Asker: 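This is the structure I have questions about; it appears just below.
The model shown is predicted, which means the values in this text are computed figures rather than measured ones.
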Amino acid sequence: MASNRLTALIIAVAAFIAGAVHGCIPSYKLNGSAIDYTVYRTIHVSEFPIRAALVYPPLQMTFENELNDYITRNTRLQTTDGASDLILEGEITGYSLSPQAVTENAIASQTRLTITVRVKYTDTKAEGKDIDQTFSAYRDFDSSLMLTDVQDDLCQQISKELVDLIFNSTLGNW
């Protein structure tokens, strides 16, 4: 009889621990998105033309490819060319260089490349979730380097950061 009580007590404690542990298990969304796939199935990502005073033509394709790839990797949304549940459109409004870290000889030892993108996000399924926002990111590089030597790499890095900011503000759960 004592062994039955001991067995029942062990089972009760084990059940309690299992329930407590199960209730404390954190849940994660590995893609970081906050999309209800029962409501949202499609997204249209339009071209992002360059409307900046200084133009680097490969930037448009670099940015658009990074944005489309990120959405494909991190959501289950189907991209479309027509009517969609979600719409991402915009333009590259800034591509600028500015001197940084001026030395005592009044010479800049660093130059900053800044890229600015205006994004209009439209949710056709829910009112009040639309966004019209400008995002900006930059990278500094040594002024002794020619921009043409570092431009592709810097544009890739900045595009990745911009896409991350845009995703988190529109499709992400932050």
Asker: Is it the case that more than 12 heavy atoms not belonging to Glu89 sit under 6.0 Å from its CD atom?
Answerer: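 Atom CD in Glu89 is packed in, count exceeds 12.
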
Asker: Tell me whether Leu97 is reachable from Ile50 by hopping between hydrophobic residues (I, L, V, M, F, W, Y) whose side-chain heavy atoms are closer than 4.5 Å.
Answerer: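 Same cluster.
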
Asker: Quick check: closest heavy atoms across Ile158 and Leu113, and the distance to 0.1 Å?
Answerer: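 Shortest heavy-atom separation between Ile158 and Leu113 comes out as CD1-O, 3.5 Å.
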
Asker: I need the Leu162 CG to Ile92 CD1 distance, nearest 0.5 Å.
Answerer: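 Answer rounded to 0.5 Å: 8.5 Å.
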
Asker: Counting only heavy atoms from other residues, nucleotides and ligands, does the tally under 6.0 Å from CZ of Phe135 exceed 12?
Answerer: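 Above 12, so yes.
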
Asker: As a quick check of understanding, evaluate salt bridge (charged side-chain N to carboxylate O under 4.0 Å, His left out) for Asp140 and Arg112, giving each step before the final call.
Answerer: CA-CA 4 Å; Asp140 293 340; Arg112 176 168 293 170; 2.8 Å; yes

Asker: In this structure, would Val150 and Leu59 fall into the same cluster of hydrophobic residues linked by side-chain contacts under 4.5 Å?
Answerer: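 Same hydrophobic cluster.
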
Asker: How about Gln100: does its CD atom have over 12 heavy atoms from other parts shown lying under 6.0 Å from it?
Answerer: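 Yes.
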
Asker: Would you say Val55 and Met146 are hydrophobically clustered, going by side-chain heavy atoms of ILVMFWY under 4.5 Å?
Answerer: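 Cluster IDs for Val55 and Met146 differ.
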
Asker: Indicate whether any N or O donor in one side chain lies under 3.5 Å from an N or O acceptor in the other, for Ser143 and Thr111.
Answerer: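 A pair is found: one side chain offers a donor N or O, the other an acceptor, under 3.5 Å apart.
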
Asker: Under a plain distance cut-off of 3.5 Å, with no hydrogens placed, do Asp153 and Gln157 share a side-chain donor-acceptor pair?
Answerer: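 A donor-acceptor contact under 3.5 Å links the two side chains.
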
Asker: For residues Gln151 and Tyr95, report the shortest heavy-atom separation together with the two atoms involved.
Answerer: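 Heavy atoms of Gln151 and Tyr95 come nearest at OE1-OH, 2.6 Å.
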
Asker: Count the heavy atoms belonging to other residues, nucleotides or ligands that lie under 6.0 Å from CG of Asp36, then report whether that count exceeds 12.
Answerer: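 Enclosed.
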
Asker: Rounded to the nearest 0.5 Å, how far does CG of Asn68 lie from CZ of Phe63?
Answerer: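 The CG atom of Asn68 is 9.5 Å from CZ of Phe63, to the nearest 0.5 Å.
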
Asker: I'd like to know whether Gln78 forms a side chain to side chain contact (heavy atoms under 4.5 Å, CB included) with Arg41, so could you lay out the CA-CA distance, the side-chain angles of the two residues, the decisive distance to 0.1 Å, and finally the verdict.
Answerer: CA-CA 6 Å; Gln78 295 293 318; Arg41 292 190 173 93; over 6 Å; no

